[in-house]
Amino acid sequence: MAKIAMLGSGFIGRFYADSLQGQRSRDKIVSIYSRREESARKFAEDYQVAHWTTDLETAIAHPETEVVCVSLPNNLHETAVLLCCKHKKAVICTKPLGRNAAEAKRMLEAVEKAGIFHGYLEDLVYTPKFLKALESVQNGALGRILWAKSRETHPGPHSEWFWDKEQAGGGCILDLGCHCVEIARSFIGKDIKPLEVMCWADTQVKPIDAEDHAIGLVKYENGAIGQFEVSWTFRGGLDLRDEVMGTEGTIWLNSFLRTGFDMFTTGKGADYVAEKAESNSGWLFPVGDELNELGYNHMFTDMFNAMEAGKAARETFYDGYVVNAILDAAYKSASSKQWEPVQLEVWRGQEGISKVKTQQDYDAQYYLVKEEMTHFGAKKLILKDKVSGQIIEKTIS
């Protein structure tokens, strides 16, 4: 049984609590911290938590606390993590790890110096569909990965601090791009170095200082490309989609919004439908098991199983740091309008990987470019001469 101090009683803290005291059942929140007394009291009542407080360090230092779950606004992550280091408490932190790579690096160095367990709560790389897709990719079903794209769009976050650039550290790039970057990075290979980023971003709709819409490309050392599409201006609910393309295959994932569960209602009896759903009437797309579909159950199971086994979780503060470094480059690119290098002061993956060039021999003279069967029953080959480079086609009856 893990005894947890939950820092934050808002939207994500309650999602975490529903999962923590759900699937594994034996874990228990023993202390809840909130910045507002009424929120702390209500959370404690709803989840049967014996101790509540409005003092951050009190929750962390509570004698029963074994693990601290940080579900606070982005600007409070570092303070909470440093207090966990001070009191030698294991810490798991919501995404993004920091508002920028410098913050994330300080947190990474602090937990490693303190020798405490640290987990990065990137739930979307724990969804059942993602885990199955990743297994297929790692087993070689798609061949060499060339391109991985992830999209997260919705009408905007729930709490006021997200909309404040200083507290949040940015807009939808930081809020949603952290998910998308880690999804693509996982498919391409977390040991493959991200080199540079090209990003477009704008504030198209919302009356805020940060961006509400962005598209970016991340170039990796092995020649693969990652792509993210993020928006706080999308109408229609929460749209989570991923695509992976390799030399031998393709995967398409639709994790939310359209999952095979369609419902029509006049709205007279409907209330909550799914996260960030914009309507409770008309054609709706509920989610069968929201905690599971969003990856929370598998994420916490991995975190606590790893902790009990004395090993690292699949997602650690190091992963959060790499993601922050990539997003820093995205922000620089959005401003400069050009490719910007990813500045990684700490890199623990492979070095010096060259781009792979795949050339399939047809015979001694030609490479095979493409082979297809025509509608009139003949096989057509597109070939390239190995010496001259000339492209020809050859039809075999």
Side-chain angles (χ1 to χ4, degrees), residues 95-102 104-105 120 122 124-125 130 133-134 137-138 142-153 169-202 210-211 213-231 240-247 250-253 255 315-316 318-356:
K95 62 80 198 173
L97 181 58
R99 289 177 292 180
N100 50 57
K105 182 171 178 280
Y120 177 51
E122 174 43 77
L124 294 187
V125 297
F130 174 86
L134 183 63
V137 167
Q138 292 177 337
L142 270 59
R144 179 166 56 91
I145 300 304
L146 307 173
W147 172 61
K149 168 187 167 184
S150 183
R151 167 186 172 90
E152 179 170 2
T153 61
C172 62
I173 291 176
L174 193 60
D175 179 36
L176 309 181
C178 60
H179 287 305
C180 299
V181 162
E182 189 66 348
I183 287 169
R185 179 174 169 254
S186 298
F187 282 129
I188 291 168
K190 293 203 293 184
D191 61 339
I192 306 299
K193 194 172 188 178
L195 298 180
E196 53 184 350
V197 180
M198 171 64 79
C199 181
W200 165 87
D202 199 1
E211 75 289 346
H213 192 182
I215 300 170
L217 297 174
V218 183
K219 193 182 297 181
Y220 287 81
E221 194 173 33
N222 65 350
I225 194 83
Q227 180 176 341
F228 64 82
E229 300 176 3
V230 293
S231 179
L240 301 176
R241 282 181 279 165
D242 306 320
E243 298 179 39
V244 193
M245 181 181 76
T247 55
T250 302
I251 290 175
W252 296 342
L253 297 175
S255 297
E315 292 287 316
T316 70
Y318 176 71
D319 296 298
Y321 162 69
V322 174
V323 169
N324 268 128
I326 292 171
L327 296 180
D328 279 1
Y331 278 111
K332 288 180 183 177
S333 175
S335 176
S336 70
K337 314 300 184 188
Q338 61 187 6
W339 287 94
E340 292 287 350
V342 178
Q343 302 290 346
L344 280 168
E345 295 180 23
V346 182
W347 174 245
R348 297 171 180 173
Q350 299 185 61
E351 294 275 9
I353 299 175
S354 58
K355 181 180 177 181
V356 177

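Counting from 1, the numbers follow the sequence of the chain as shown.
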- Query: Excluding sequence neighbours, so at least two apart, what forms salt bridge (charged side-chain N to carboxylate O under 4.0 Å, His left out) with E243?
  - Reply: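 Scan of E243 (salt bridge (charged side-chain N to carboxylate O under 4.0 Å, His left out), adjacent residues dropped) gives K149.
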Gap between atom [atom2] of [Y] and atom [atom1] of [X] - 0.5 Å precision:
X: K219; Y: W339; atom1: NZ; atom2: CH2; result: 4.5 Å
X: C199; Y: I326; atom1: SG; atom2: CD1; result: 12.5 Å
X: L253; Y: L134; atom1: CG; atom2: CG; result: 10.5 Å
X: I145; Y: I225; atom1: CD1; atom2: CD1; result: 14.0 Å
X: T250; Y: L142; atom1: OG1; atom2: CG; result: 6.0 Å
X: S333; Y: Q338; atom1: OG; atom2: CD; result: 7.5 Å

- Item | Heavy-atom side-chain proximity of V197 to E340 below 4.5 angstrom |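 Result no, sub-4.5 Å side-chain heavy-atom pair not found.
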- Query: Below 4.5 Å, heavy atoms only, C-beta onward: do I215 and F228 meet side chain to side chain?
  - Reply: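 Side-chain contact under 4.5 Å: no.
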- Message: What verdict does the side chain to side chain contact (heavy atoms under 4.5 Å, CB included) test give for H213 and E211, after you've listed the backbone C-alpha separation in whole Å, the side-chain angles of each residue and the deciding distance to 0.1 Å?
- Response: CA-CA 6 Å; H213 192 182; E211 75 289 346; over 6 Å; no
Quick check against the 3.5 Å criterion: does [X] have a side-chain atom that pairs as donor or acceptor with the backbone of [Y]?
X: Y220; Y: G189; answer: no
X: N324; Y: A104; answer: no
X: T153; Y: V230; answer: no

Which heavy atom of [X] sits nearest to which heavy atom of [Y], and what is that distance?
X: Y318; Y: G349; answer: OH-N, 4.4 Å
X: D328; Y: A101; answer: OD2-N, 3.0 Å
X: E221; Y: L195; answer: CA-CD1, 3.6 Å
X: P96; Y: Y120; answer: CA-OH, 3.8 Å

- Message: Could you check whether atom CD of E345 has more than 12 heavy atoms from other residues, nucleotides or ligands sitting under 6.0 Å from it?
- Response: no
- Item | Heavy atoms from other residues, nucleotides or ligands near CH2 of W252 exceed 12 (cutoff 6.0 Å) | no
Only distances under 3.5 Å count here; give the side-chain donor-acceptor pairs of residues 170-186 to other protein atoms, sequence neighbours excluded, each with its distance to 0.1 Å.
residue: D175; atom: OD1; partner: K95; partner atom: NZ; Å: 2.7
residue: D175; atom: OD2; partner: W232; partner atom: NE1; Å: 3.0
residue: H179; atom: ND1; partner: E122; partner atom: OE1; Å: 3.0
residue: H179; atom: ND1; partner: E122; partner atom: OE2; Å: 2.6
residue: E182; atom: OE1; partner: R185; partner atom: NH1; Å: 2.8
residue: E182; atom: OE2; partner: R185; partner atom: NH1; Å: 3.1
residue: R185; atom: NH1; partner: D319; partner atom: OD1; Å: 3.1
residue: R185; atom: NH2; partner: K190; partner atom: O; Å: 3.3
residue: S186; atom: OG; partner: E182; partner atom: O; Å: 2.7

- Begin with the C-alpha distance, continue with both residues' side-chain angles, and end with the deciding distance and a verdict on side chain to side chain contact (heavy atoms under 4.5 Å, CB included) for I188 and N222. CA-CA 9 Å; I188 291 168; N222 65 350; 4.2 Å; yes
- Query: Which residues pass the ring-ring contact (aromatic ring centres under 6.0 Å, His included) test with Y321, sequence neighbours left out?
  - Reply: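 Here no residue qualifies.
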- Task: Quick one: do Q350 and I192 satisfy side chain to side chain contact (heavy atoms under 4.5 Å, CB included)? Show the steps, please.
- Result: CA-CA 6 Å; Q350 299 185 61; I192 306 299; 3.8 Å; yes
- Which is it for F187 and F130 under the ring-ring contact (aromatic ring centres under 6.0 Å, His included) test, yes or no, and what are the steps along the way? CA-CA 9 Å; F187 282 129; F130 174 86; 4.9 Å; yes
